[in-house]
Trainee: 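Quick one: structure below, then a few questions.
A, B, ... follow the sequence lines: proteins, then strands. Residue 1 opens every chain.
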Amino acid sequence: MAAPIKKILVKKYKPGASAQFYQAYALRFHDEMSVLDALCDIKDREDASLAFRWSCRMGICGSCGMTVNGKPVLACQTPLKNLGREIKVEPLRNFPVIKDLVSDIDGPFEQMRSTMPYVSQMSQKALENGEYLQTPRQRKALEQTSQCIKCMLCYSACPVYGNDKKFIGPAAAALAYRYNADSRDQSKSQRLKSISGKEGVWKCSFVGECSVVCPKRVDPATALQRLKLMGALNSLNHIHDA
Amino acid sequence: MLEQKQSPLWWTQNIRYFIYFIRELSGVIIAFAVMYFIFLPLRKYAIDTIVYPIWFYASVIHSLTWFWAMTKLAPFPPSLENRIILYMLILTTWAGISIIVFKVFFLS
């Protein structure tokens, strides 16, 4: 019996062109195929020029983020059998397109660098004094937000970022929260100052879609609201100290 | 590179975006209604019969949508069941307080 066929509509873009266009491919698929498998099959058999990012194919590297039937997803984690007979594959929204399904995601990485994404020790202790210990409870406080794989699906889903590319965004905020929640870090106040302000966490209007699309359940929306609370308390402390 | 501009109809893409849009729009309507009541001289045009119900319904919608957003910030794991239970508790408290305020300030 011949394998069933699905129609894959891919939004393509040739560098230098003024607009994108849809190209249709007919794909014979089996139940175990993911969207990534379909794209690789298309690239192997039909269109070697099709450009898309992928690496681990198991949902850990975050490379294969794209929009499938209007939703930002990881292509390797999206089974074909759950989608309709016609599948629309587009590059991630809110990012400039380099070619076909490859987007320029440098902007959010710059936002992440601005959040001081490292454990900062103001008072270093000598090696012979041992490690910086954490209890299991302290470790658990940063566990959820440490799962972020920087796939950028949250930025694609965020209408605030879609409107203003200077907004710090969900993943950068989740990263800042991860380090602020770390008991070993001693730069919480400076980090909060760097992520507050007009384009910082206060620009978030709590749409919540970033948490819905996150494949690792990082829940950046909650991290953003908690950072707002931390920032407000930090400001009160400063006023009190002054 | 090709810039992708956000569609002005982004809020129609799914129900969550739509609820968010209604939440924000109801806030704008409430703000306009408050401005209307502050600028008393404008009330000579006597459109209170239109403004009052619009203000009321916008306030209810705004409250309902924000209460749902608030359940995300619960101190316990926000599974859907937990969020629904918390939402019901918030609505019950809100209804109770509203009845008390109504009785104290409007019926007495």
Side-chain angles (χ1 to χ4, degrees), chain A residues 11-21 67 69-72 90-107 140 144 155-165 167 204-213 217 219-229, chain B residues 1-34 58-91 93-94:
Chain A
K11 200 171 195 181
K12 293 192 74 176
Y13 172 69
K14 285 192 168 69
S18 58
Q20 295 156 292
F21 61 96
T67 306
N69 287 354
K71 279 184 67 181
E90 297 160 307
L92 282 177
R93 292 196 189 114
N94 299 340
F95 294 108
V97 181
I98 299 172
K99 187 186 175 197
D100 296 343
L101 302 172
V102 179
S103 307
D104 176 18
I105 54 174
D106 282 350
K140 202 170 167 57
Q144 189 177 16
Y155 282 87
S156 184
C158 178
V160 178
Y161 183 76
N163 207 32
D164 181 2
K165 301 293 186 284
F167 172 45
C204 168
S205 49
F206 204 1
V207 181
E209 192 67 7
C210 52
S211 293
V212 172
V213 303
R217 299 186 185 174
D219 199 1
T222 302
L224 271 155
Q225 310 321 308
R226 287 187 181 152
L227 283 170
K228 285 178 188 172
L229 184 59
Chain B
M1 282 196 284
L2 181 76
E3 286 292 331
Q4 291 192 100
K5 289 214 171 30
Q6 182 164 249
S7 162
L9 295 175
W10 62 266
W11 51 276
T12 59
Q13 283 162 17
N14 65 45
I15 187 72
R16 291 173 300 275
Y17 282 149
F18 185 73
I19 290 171
Y20 163 77
F21 190 79
I22 295 299
R23 190 180 88 202
E24 299 297 298
L25 188 64
S26 59
V28 171
I29 294 171
I30 293 166
F32 271 119
V34 168
S59 302
V60 169
I61 290 167
H62 197 71
S63 303
L64 291 175
T65 48
W66 259 116
F67 289 155
W68 179 247
M70 275 165 57
T71 59
K72 198 134 178 44
L73 302 175
F76 47 83
S79 66
L80 184 60
E81 293 79 15
N82 288 344
R83 287 186 74 184
I84 290 171
I85 293 168
L86 185 59
Y87 189 56
M88 291 295 134
L89 280 171
I90 293 171
L91 284 183
T93 309
W94 179 56

Trainee: Mind ranking A:S205, A:S211, A:A221 by heavy-atom pairs under 4.5 Å with chain B and telling me who comes out on top?
Mentor: A:S205
Trainee: Could you check which of A:I98, A:L229, A:V97 has the highest count of heavy-atom pairs closer than 4.5 Å to chain B?
Mentor: A:V97
Trainee: Tell me, for A:F206 versus chain B, whether the close heavy atoms (under 4.5 Å) come from the side chain, the backbone, both or neither.
Mentor: both
Trainee: In terms of ring plane angle, is the pair B:Y87 and B:W68 parallel, tilted or perpendicular, where the classes change at 30° and 60°?
Mentor: perpendicular
Trainee: Are B:K72 and A:D219 within salt-bridge range, i.e. N to O under 4.0 Å?
Mentor: yes
Trainee: Heavy-atom distances under 4.5 Å only: say whether A:L224 touches chain B with side chain, backbone, both or neither.
Mentor: neither
Trainee: Heavy-atom pairs under 4.5 Å with chain A are the metric here; pick the option from B:Q13, B:E3, B:R16 that has the most.
Mentor: B:R16
Trainee: Are the side chain of A:T222 and the backbone N or O of B:L73 linked by a donor-acceptor pair below 3.5 Å?
Mentor: no
Trainee: Take atom NZ of A:K71 as the centre, draw a 6.0 Å sphere, and report whether it contains more than 12 heavy atoms from other residues, nucleotides or ligands.
Mentor: no
Trainee: Contact part of B:W66 toward chain A, heavy-atom cut-off under 4.5 Å: side chain, backbone, both or neither?
Mentor: side chain
Trainee: Measure distances from A:P15 to the heavy atoms of chain B and classify the residue's part below 4.5 Å as side chain, backbone, both or neither.
Mentor: neither
Trainee: In terms of ring plane angle, is the pair A:F95 and A:Y155 parallel, tilted or perpendicular, where the classes change at 30° and 60°?
Mentor: tilted
Trainee: Check whether NZ of the Lys or CZ of the Arg A:K165 lies under 6.0 Å from the centre of the six-membered ring of A:Y161 and within 45 degrees of that ring's axis.
Mentor: yes
